[in-house]
Amino acid sequence: MLQRTLCIVKPDAVKKNVQGSIIQKISDAGFKILGMKMIKLSETMGEKFYEVHKERPFYGELVSFMISGPVVVVALEKENAVTDYRTLIGATDPAEAAEGTIRKMFADSKAENAVHGSDSEENGKIEVSFFFAESELA
Ligand code: CMP
């Protein structure tokens with residue numbers, strides 16, 4: 001079943017200028033890029049995007065990190081996209097991420113972990129539509 005999932009190349013990875021390498025790896029793994037843009041999130045957008053984590057102790061830190069610099073948001077499509085993309089990026093904490101995964105290669109810490117990925121098929125759809133109008137998607 002074709003699914004959508006949202007990749008955000010986070011500010012740490014953009015600062016290191018590795019967004020091209022990350023997107024190449026995603027593309028090589030068979031994901032179709034439906035839409036892509038570099039933006040700087042406003043505080044309101046950051047708070048809204050991560051609203052599900054509002055009660056977590058790291059919410060404030062997470063939002064201020066995500067608005068600290070430009071990010072690249074990429075709408076992806078593939079069979080089984082949600083699980084396959086999460087396998088490709090690796091565990092949230094790069095110390096626990098498998099060899100060869102994007103987070104193992106490019107992330108610095110649990111907070112500055114290079115990329116975001118949607119955690120379910122439903123959230124994949126919601127998160128893609130958070131950043132892209134349907135008319136913007138190829
Ligand atoms: P992401 O996939 O963007 O979704 C929620 C984010 O919260 C997650 O990646 C991590 O970057 C971040 N996160 C999770 N746990 C912690 C933590 N203990 N401290 C700071 N950030 C965290």
Side-chain angles (χ1 to χ4, degrees):
M1 183 192 12
L2 269 185
Q3 292 179 339
R4 287 180 176 183
T5 194
L6 183 79
C7 159
I8 306 179
V9 182
K10 296 188 178 187
D12 57 318
V14 175
K15 245 171 242 155
K16 288 193 274 185
N17 201 28
V18 294
Q19 64 274 26
S21 307
I22 290 174
I23 293 160
Q24 186 68 56
K25 271 188 83 67
I26 293 169
S27 197
D28 289 346
F31 290 83
K32 180 178 176 193
I33 296 173
L34 299 179
M36 173 158 66
K37 54 191 165 192
M38 180 178 272
I39 53 174
K40 188 161 183 302
L41 297 181
S42 66
E43 189 168 15
T44 310
M45 278 179 94
E47 285 174 354
K48 187 141 199 333
F49 185 77
Y50 281 114
E51 207 163 23
V52 294
H53 297 300
K54 201 163 60 189
E55 305 307 328
R56 304 277 194 101
F58 56 82
Y59 178 67
E61 184 196 338
L62 173 61
V63 172
S64 42
F65 165 60
M66 289 301 290
I67 67 172
S68 67
V71 297
V72 182
V73 288
V74 192
L76 300 170
E77 186 179 72
K78 185 184 170 301
E79 293 281 326
N80 206 29
V82 172
T83 305
D84 287 359
Y85 175 76
R86 290 176 75 80
T87 303
L88 180 69
I89 65 178
T92 303
D93 185 346
E96 290 164 17
E99 274 317 315
T101 60
I102 288 174
R103 283 173 171 157
K104 183 71 176 184
M105 294 172 76
F106 300 110
D108 297 320
S109 67
K110 217 188 250 188
E112 304 206 355
N113 65 352
V115 281
H116 165 80
S118 309
D119 65 1
S120 67
E121 183 179 9
E122 198 196 349
N123 282 337
K125 284 188 217 154
I126 293 170
E127 292 182 357
V128 166
S129 60
F130 185 89
F131 287 106
F132 297 93
E134 205 55 40
S135 59
E136 291 179 291
L137 298 173

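Just so you know, ligand 1 is whichever comes first in the structure, and atom 1 is the first atom listed for that ligand. Nothing fancy with the numbering, it's 1 onward along the sequence.
Looking at V82, N123, L34 one by one, the single match for side-chain contact (heavy atoms from CB on, under 4.5 Å) with R4 turns out to be L34.
Looking only at distances, no side-chain donor or acceptor of Q3 sits under 3.5 Å from a matching main-chain atom of E121.
No side-chain heavy atom of K48 sits under 4.5 Å from any side-chain heavy atom of T44. Two residues are said to be in side-chain contact when any heavy atoms from C-beta on lie closer than 4.5 Å; L6 and F130 fail this criterion.
Annotation: cation-pi geometry not satisfied between K10 and F106 (NZ/CZ under 6.0 angstrom from ring centroid, within 45° of ring axis).
Closer than 4.0 angstrom to ligand 1 lie heavy atoms from K10, Y50, H53, F58, L62, T92, R103, K110, A111, N113, H116, G117.
Legend: salt bridge (Lys or Arg N to Asp or Glu O under 4.0 Å) pairs involving residues 63-73, not counting sequence neighbours: none detected.
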